[in-house]
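Here is the structure we will look at.
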Amino acid sequence: MRISYPTSVKIIKVPCTGRVDIIHILKAFEGGADGIYLVGCLEGDCHYLTGNIRAKKRVKYLKTLLDESGIGGQRVSMYNVSSAEGLRFAEIAKEFTERIKSLGPNPFKLNKIKSTRDSGRGGI
Amino acid sequence: MIIADRKPFDEIMSMLAPYRDILVLGCNECVTVCAVGGAKEVAILASQIRLRRTKDRISSEVHEKTIERQCDIEYLEELKDTIGGYDAVLSLACGCGVQFLGERYTDVLVLPGVNTTFMGVTERHGLWTERCQGCGNCVLHRTMGICPVTRCAKSIFNGPCGGSSEGRCEIDKDTPCAWHLIIERYKKKGMMDMYMEIVSPKDWSTARDGGPRKRQREDMEI
Ligand code: SF4
Ligand code: SF4
């Protein structure tokens, strides 16, 4: 199956979505990511039993942290896809990319670049 | 252990507003266990502050550190060469840690990042509940190991009151009536006689009513 998805999506492999911590995602936003989504196995199919359920709860909490930070909770999402659903994976990649495009770039990244230019130092 | 809650983010941001260089300082004990002020929460809050300040175009440096205990003078010492370099320190320790840090470093501005809420237990992952108010004169031996001071909303010693219904307290249906629990245990152990005993009123001077408390062991002093 040769299914294409937007090239702006960069995949980071983890053993289980349960491994993804809140700080990993915050650091990714500090690193300039415009949006981040987790793709876990279908609920009930987790090899580690509840990894994907825990990831879902973390994403929910993370949305509040991102709203507080002014980055916006809409920039994170969690999806559940089985390894046999290549088409669905590509669809999600497109859907999420569209959402992030409509939100525009990560405001942290924009201002960081500007302040580096203005002051000649890191800004933060 | 001592349980705390992170302060609302906006409150933290307005507290920090006048300061540019900030240290977010965690504590490795109670507040780590209740997931509010350990190294992990320090990293998360520092990241949030950086994201927000940069978004709002506020020039700032946010540093992170976590020490073993902020309520112990020997662990505060390790900060002595660095702590003077920040405009403010946001401590994620309980109120004891925040105060003690400020007492040790009187030139440093120490701000609280958490609301210290109670002394309690981890009932399960993610759920902490209150058990003791440090009344200074424990009665658990008379109340079957259930604290009426803390777990009875009225802290009464002759419960249950008229608000107890089907084992629940009138303040909300999720709160068990402490006196209902106590009586159930008396019955189970065949110890209802203890409930019937008349006891003298509790001396509250050992609790907060007697002012700030201290404990001293001269044999331990160096
Ligand atoms: S400073 Fe507070 S949170 Fe930290 S160890 Fe001491 S009592 Fe516990
Ligand atoms: S009786 Fe006093 S010391 Fe004992 S558990 Fe209750 S509040 Fe704590």
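All of these numbers come straight from a predicted model, not from anything done at the bench. Numbers restart at 1 for each chain; the letters A, B, ... are given by sequence-line order, proteins then strands.
Heavy atoms of B:Asp56 lying under 4.5 Å from chain A belong exclusively to its backbone. In this structure, chain B has a heavy atom under 4.5 Å from the side chain of A:Asp21, while its backbone stays farther away.
Checking B:Lys55 against A:Asn111 by side-chain atom types alone, no donor-acceptor pair falls below 3.5 Å. Residues A:Arg19 and A:Thr17 bring no donor and acceptor atom of their side chains to less than 3.5 Å of each other. For the 3.5 Å distance criterion, the side chains of B:Asp172 and B:Thr175 qualify, holding a donor opposite an acceptor.
When each of B:Ile49, B:Ile44, B:Leu45 is checked for heavy-atom pairs under 4.5 Å with chain A, B:Ile44 comes out on top.
Ring pair A:Tyr5/A:Phe89 is perpendicular by interplanar angle, where above 60° counts as perpendicular and below 30° as parallel.
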